[in-house]
Amino acid sequence: MMTWHDVAPEGDFEPDVPKVVQVGDDRIAVFRLDDGFYAISDICTHEYALLSDGFCEEGKIECPLHQACFDIRSGKALDEPAEIDLHTYPTRVEGGVVQFQL
Amino acid sequence: MRTVIIGAGQAGRRTAELLRGLDAEREILLLGEEAEPPYDRPPLSKEILLGEEHPRGLMQRDIHAYETQRIALLLGERVEGIDVGTARVAKADGERIAFDSLVIATGARARGLPIAGANDPRVLTLRSMADARALSARLRPGLRLAVGGAGLIGLEVAAAAIQLGCAVTVLEMGDRAMARCVPETISSRIETWHRAAGVVLKFGCRLTAIEPRREALRLYTSGGEIEADLLLVAIGAVPNDELAREAGIAVEDGILTDASGRTSHPQVFAAGEVARIRRPSGRHVRFETWQVAQHQPVAVAHALCGTERPYAELPWHWTDQFGHNVQILGAHSSGLDWLLRAEGERLSCLGLDADGRVQGAVLIDNGREATPLRRIIAAGKPLGRQRLLDPSVPLRQLC
Ligand SMILES: Cc1cc2nc3c(=O)[nH]c(=O)nc-3n(C[C@H](O)[C@H](O)[C@H](O)COP(=O)(O)OP(=O)(O)OC[C@H]3O[C@@H](n4cnc5c(N)ncnc54)[C@H](O)[C@@H]3O)c2cc1C
Ligand code: FES
């Protein structure tokens, strides 16, 4: 069963600074970009690193370890050393609160 | 048209794959001495020693991935000679292979210890997967491991071994850890991690002889004698540039190349750690980093296709020890003034020149600052110390 999970009130988000939610074994990072909210898996697909610790700019997140880059909107791995795309999750704003579905 | 690549390591794989991406037609032959398909080496002194068999960081594809890309991968094949006159390479079995262009991506090998007793089987080095497996198989609780050299690889092995319950002593000629690549304040932090975990660090300590005894190795050093069950020698790497030298290609502790990987011979290129690359400053520099093996092949693949994509990245490498990630940006120089900028546990150490320009940086558990710092260094603008060191001013605002 897919459920919607609360992240934080819309107004609490700063651009390029993700908020992270843990659901069971999954860590989800939620970003505010120019055109809305996006949720991706927070774990780099190269080795192991938290992408929320990385550098975020122009809709891309760079892994803090070996600088693999991912597109936050699509989850696409943009270059080596990451070759596997990130999971993305639907988001919505309900009553002023940002949520994602998992 | 056929391109032959000698050396199926990281730079060889990258060159082959990038070249295939640029040119669907040409024949690509990747020849490697090791039995393993290409892999990245950083996990060898980290995850592999801690018992992980196939860490993802190896980036090791199975051989079918090469078939799919139409890259002819020949493993267990050592190239013995290059004849630039007839444009052929000679394999160990005598077969000769013709090329239209040649890439030498032979990497480096571990430097041996030129002292008596160093050929004992209990004296090891670490360069390949086979070395890592052999070392890993011998690390067990209670083993007395001596490590010669407090550089990146020596310290990573020491960290892994102490976590596995070995008794570890590091013998270093110099006076501090990783002296070649980090400033003193960073060395002392790294030394603190090791000592806290129980590693014995001996500085100013030169190994002079090894006496192999039946029960143990007796190590003679300038700081006294110690006994060890195993000695890992980690005192640097030597470029595998002999093939090039013997072929009459210009070599100087590495194969001399321009920023696009061209050697002194127009048909021959060099990729990765074996290359000594011409920098924008005009000097030639050889890098022993994952970065150069990953990104310099972009320049080589383009040059092979007749386009220019010169390699001029700021040098960058990292080490992982005791759960900490240390990243080193720019070349280390003692001429810089090293200042600390702390944000809680995350740390940036910035190397400023006399004009107040950031020239290098070391980051501890702070990889997110690497890109802002790269830009700050590239911009080459003097920045006020106060703003640079104020953790409430994000570095990204300064670039
Ligand atoms: C244990 C270890 C840990 C490391 N950790 C880090 C790290 O944490 N961070 C970092 O930035 N860098 C690290 N490095 C450095 C980095 O891995 C190397 O710089 C990189 O592997 C260089 O890649 P390369 O392809 O140029 O050479 P290599 O990977 O050495 O590949 C060269 C290949 O050529 C083959 N070859 C040589 N001669 C011949 C011949 N005549 N015929 C056929 N084949 C031949 C060799 O067998 C080898 O497979 C580490 C290196 C080691 C050894
Ligand atoms: S772990 Fe993310 S790039 Fe290596």
Side-chain angles (χ1 to χ4, degrees), chain A residues 12-22 25-34 38-73 75-87, chain B residues 10-11 13-14 17-18 21 38-43 46-48 52 54-61 65 289-291 293-295 297-298 313-314 316-320 323-327 329 343-346 348 363-375 394-397 399:
Chain A
D12 286 5
F13 277 82
E14 287 171 53
D16 296 335
V17 183
K19 294 204 180 288
V20 177
V21 177
Q22 182 95 31
D25 287 342
D26 297 305
R27 254 183 88 104
I28 315 310
V30 184
F31 296 77
R32 153 175 251 153
L33 302 180
D34 309 340
Y38 292 89
I40 54 172
S41 157
D42 192 28
I43 310 298
C44 182
T45 60
H46 172 227
E47 288 189 288
Y48 183 91
L50 304 180
L51 294 172
S52 51
D53 278 344
F55 180 73
C56 173
E57 189 179 67
E58 291 170 357
K60 294 185 200 105
I61 181 84
E62 187 189 70
C63 175
L65 288 192
H66 318 112
Q67 263 116 44
C69 227
F70 297 91
D71 183 296
I72 294 168
R73 293 181 177 88
K76 271 227 155 329
L78 299 174
D79 53 9
E80 274 199 34
E83 299 187 298
I84 303 166
D85 297 343
L86 296 170
H87 265 288
Chain B
Q10 185 188 348
R13 167 183 73 84
R14 286 284 287 164
E17 294 185 346
L18 290 159
Y39 56 91
D40 291 7
R41 290 176 204 275
K46 308 175 181 77
E47 290 86 346
I48 297 266
E52 257 188 76
H54 285 286
R56 285 192 290 177
L58 288 174
M59 299 293 291
Q60 192 171 31
R61 316 192 187 303
T289 60
W290 179 91
Q291 177 197 34
Q294 187 72 10
H295 298 310
V298 174
E313 278 182 331
L314 182 77
W316 167 70
H317 63 123
W318 77 89
T319 171
D320 296 315
H324 293 287
N325 168 250
V326 182
Q327 300 191 23
L329 278 169
E343 295 153 71
E345 298 291 290
R346 305 168 182 275
S348 312
L363 305 172
I364 298 185
D365 300 327
N366 205 9
R368 75 166 74 178
E369 300 289 28
T371 290
L373 275 165
R374 234 179 241 124
R375 292 183 189 158
L395 286 174
R396 61 188 299 162
Q397 275 180 16
C399 61

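We name chains A, B, ... by the order of the sequence lines, and we start the count at 1 in each one.
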>> Run the salt bridge (charged side-chain N to carboxylate O under 4.0 Å, His left out) test against A/Asp12 and tell me which residues pass, sequence neighbours left out.
In response: none

>> Heavy-atom count check: over 12 atoms from other residues, nucleotides or ligands less than 6.0 Å from B/His317 NE2?
In response: yes

> At a heavy-atom separation under 4.5 Å, does A/Glu80 approach chain B through its side chain, its backbone, both, or neither?
Replying inline: both

> Have B/Asn325 and B/Trp318 got a donor and an acceptor in their side chains that come within less than 3.5 Å?
Replying inline: no

>> Does any backbone or side-chain atom of B/Glu17 lie under 4.5 Å from a heavy atom of chain A? Answer side chain, backbone, both or neither.
In response: side chain

> Under a 4.5 Å cut-off applied to non-hydrogen side-chain atoms, are A/Glu57 and B/Thr371 in contact?
Replying inline: no

>> What part of A/Cys56 gets within 4.5 angstrom of chain B, counting heavy atoms only: side chain, backbone, both, or neither?
In response: backbone

>> Looking only at heavy atoms and a cut-off of under 4.5 Å, which of B/Ala370, B/Pro42, B/Gly367 has the most pairs with chain A?
In response: B/Gly367

> Are more than 12 heavy atoms from other residues, nucleotides or ligands located less than 6.0 Å from atom CD of B/Glu345?
Replying inline: no

> By a 4.5 Å heavy-atom criterion (distance strictly below it), what part of B/Pro43 contacts chain A: side chain, backbone, both, or neither?
Replying inline: side chain

> If you count heavy-atom pairs under 4.5 Å with chain A, which of B/Glu47, B/Arg375, B/Gln291, B/Glu369 comes out on top?
Replying inline: B/Arg375

